[in-house]
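Report on the following structure.
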Amino acid sequence: MRVEIWSDIACPWCYIGKARFEKGLAAFAHRDEVEVVHRSFELDPHRAKGDTGPVLEMLARKYGRTLDEARAMEAHVAQNARSEGLGYRTEGRDHGNTFDIHRLLHLAKERGLQSELLDLAYRANFAEERSVFDDETLVALAVEAGLDEAEARAVLADPTAYAEAVRADEREAAELGANGVPFFVLDRRYGVSGGQPAEVFTQALEQAWQGRVLEPVGGDAAACDVDGGSC
């Protein structure tokens, strides 16, 4: 069975949702027969490369909140992340265009290292003092994941490299009706939206395994929508 996960590095609920999904998968009896594929979704696709800014200011502007209210929003997300054993910094993070990260993730997919690079990018963005919107940081993360440095640099230097692969993922998300992430599609039979609890993912995997048709699972869960970053 194949599970496809649309997500963005800028989305904290994708970071949390990945951890929860993996816990749910670990509790699934047929986990060794599940292929997981990560697909591209940009929350802020019209933002120019190099145009970065503080996450707190972006949140305040997007939701019409004060900076103190934005800090409270981040504190809530941080509490959820830490409950899953994930590091999360509520201050000092940047927000920017994630297109290059997605292009590198497609290279990593071809080399069998997609999950490794995704985990490193999430950790760098949310838990460490490293900006994932800097080419040198991206190269360092790619090498840490096991990719060839020259190959990673070549992808970043060529804006057309894997660009169509990213766009194809995004078109497919739109066709499936996904307007926010994380969005999980199980064997093209079952859909799960948002950072649901681990047990919901286990239930979804069991039902998809039984061959049921695609339908929503679980109630409303936190997610990130387009034209934003953190939520």
Side-chain angles (χ1 to χ4, degrees), residues 5-18 38-63 67 70-71 73-74 77-78 81 86-109 113-163 165-167 169-170 180-182 223-231:
I5 307 173
W6 274 264
S7 60
D8 193 10
I9 293 299
C11 167
W13 293 108
C14 295
Y15 176 47
I16 296 166
K18 184 176 187 292
H38 296 279
R39 299 204 178 277
S40 303
F41 191 105
E42 294 173 271
L43 289 169
D44 204 352
H46 304 298
R47 196 179 189 108
K49 177 181 173 68
D51 178 13
T52 61
V55 166
L56 287 176
E57 291 182 8
M58 179 276 295
L59 288 172
R61 183 172 59 252
K62 177 183 177 183
Y63 294 106
L67 283 176
R71 287 188 183 92
M73 293 168 63
E74 279 286 86
V77 177
L86 302 172
Y88 196 96
R89 293 187 299 117
T90 58
E91 299 275 354
R93 291 192 297 107
D94 290 336
H95 173 67
N97 180 282
T98 56
F99 190 60
D100 283 348
I101 304 171
H102 287 297
R103 295 195 300 115
L104 275 181
L105 283 166
H106 276 280
L107 168 65
K109 178 183 175 184
L113 297 167
Q114 188 183 45
S115 185
E116 288 84 349
L117 179 56
L118 186 60
D119 282 339
L120 289 168
Y122 275 140
R123 189 174 70 195
N125 188 42
F126 291 108
E128 299 174 347
E129 297 288 342
R130 303 169 78 183
S131 174
V132 295
F133 308 107
D134 172 77
D135 282 358
E136 288 305 312
T137 299
L138 290 180
V139 170
L141 291 172
V143 171
E144 192 174 344
L147 292 170
D148 178 75
E149 179 178 347
E151 195 169 30
R153 289 189 183 279
V155 168
L156 292 174
D158 178 5
T160 68
Y162 299 99
V166 175
R167 299 303 185 211
D169 279 355
E170 293 173 336
V181 285
C224 297
D225 56 16
V226 293
D227 296 323
S230 300
C231 312

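Counting heavy atoms from C-beta outward, Arg71 and Thr90 have side chains that stay 4.5 Å or more apart. The closest side-chain heavy-atom distance from Arg89 to Glu129 is below 4.5 Å. In this structure, Glu74 and Tyr88 have side chains that are in contact, with non-hydrogen atoms separated by less than 4.5 Å. Between Leu86 and Tyr15, some side-chain heavy-atom pair lies under the 4.5 Å cut-off. For the pair Asp119 and Lys18, the minimum side-chain heavy-atom distance is below 4.5 Å. Taking the side chain as every heavy atom from C-beta outward, Pro182 and Cys11 approach each other to under 4.5 Å.
By the side-chain contact (heavy atoms from CB on, under 4.5 Å) test, Asp169 pairs with Trp6, Arg39, Ser40, His106, sequence neighbours left out. Partners of Asp148 by side chain to side chain donor-acceptor pair (under 3.5 Å), not counting sequence neighbours: none found. Taking the side-chain contact (heavy atoms from CB on, under 4.5 Å) definition, one finds that Ser131 meets it with Asp94, Phe133, sequence neighbours left out. A search for side-chain contact (heavy atoms from CB on, under 4.5 Å) contacts involving Ala124 returns Glu128, Arg130, Val132, Leu141, not counting sequence neighbours. Scored by the side-chain contact (heavy atoms from CB on, under 4.5 Å) test, Glu136 finds Asp134, Arg153 as partners (sequence neighbours excluded). For Glu170, the salt bridge (Lys or Arg N to Asp or Glu O under 4.0 Å) partners are Arg167, not counting sequence neighbours. The salt bridge (Lys or Arg N to Asp or Glu O under 4.0 Å) search around Arg61 returns none, not counting sequence neighbours.
For the atom pair NZ (Lys62) and NE2 (His95), the distance works out to 8.0 Å, reported to the nearest 0.5 Å. A distance of 10.0 Å separates CG of Leu118 from CD1 of Ile101, quoted to the nearest 0.5 Å. A distance of 11.0 Å separates CZ in Phe99 from CG in Leu104, rounded to the nearest 0.5 Å. In this structure, Ile9 CD1 and Asn125 CG are separated by 7.0 Å, a value rounded to the nearest 0.5 Å. With values rounded to the nearest 0.5 angstrom, His38 atom NE2 is found 10.5 Å from Leu117 atom CG. Note: Arg93 CZ to Glu91 CD = 10.0 Å, rounded to the nearest 0.5 Å.
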Please list every donor-acceptor pair under 3.5 Å in which a side-chain atom of residues 49-60 meets a protein atom from a residue at least two apart or in another chain.
{"from": "Lys49", "atom 1": "NZ", "to": "Asp100", "atom 2": "OD2", "distance (Å)": "2.4"}
{"from": "Lys49", "atom 1": "NZ", "to": "Asp135", "atom 2": "OD1", "distance (Å)": "3.1"}

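Minimum heavy-atom separation, Ala48 to Asn97: O-CB, 3.9 Å. Smallest separation of non-hydrogen atoms from Glu144 and Arg123: OE2-NH2, 3.3 Å. Residues Ala10 and Leu43 come closest through the heavy atom pair C-CD1, 4.1 Å. Contact record, Phe41 with Val181: CG-CG1, 3.4 Å, taken as the closest heavy-atom pair.
Contact check on Asp158 versus Arg103 returns no salt bridge, with no Lys/Arg side-chain nitrogen under 4.0 Å from an Asp/Glu carboxylate oxygen.
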Evaluation steps, side-chain contact (heavy atoms from CB on, under 4.5 Å), between Asp8 and Asp44: CA-CA 10 Å; Asp8 193 10; Asp44 204 352; over 6 Å; no
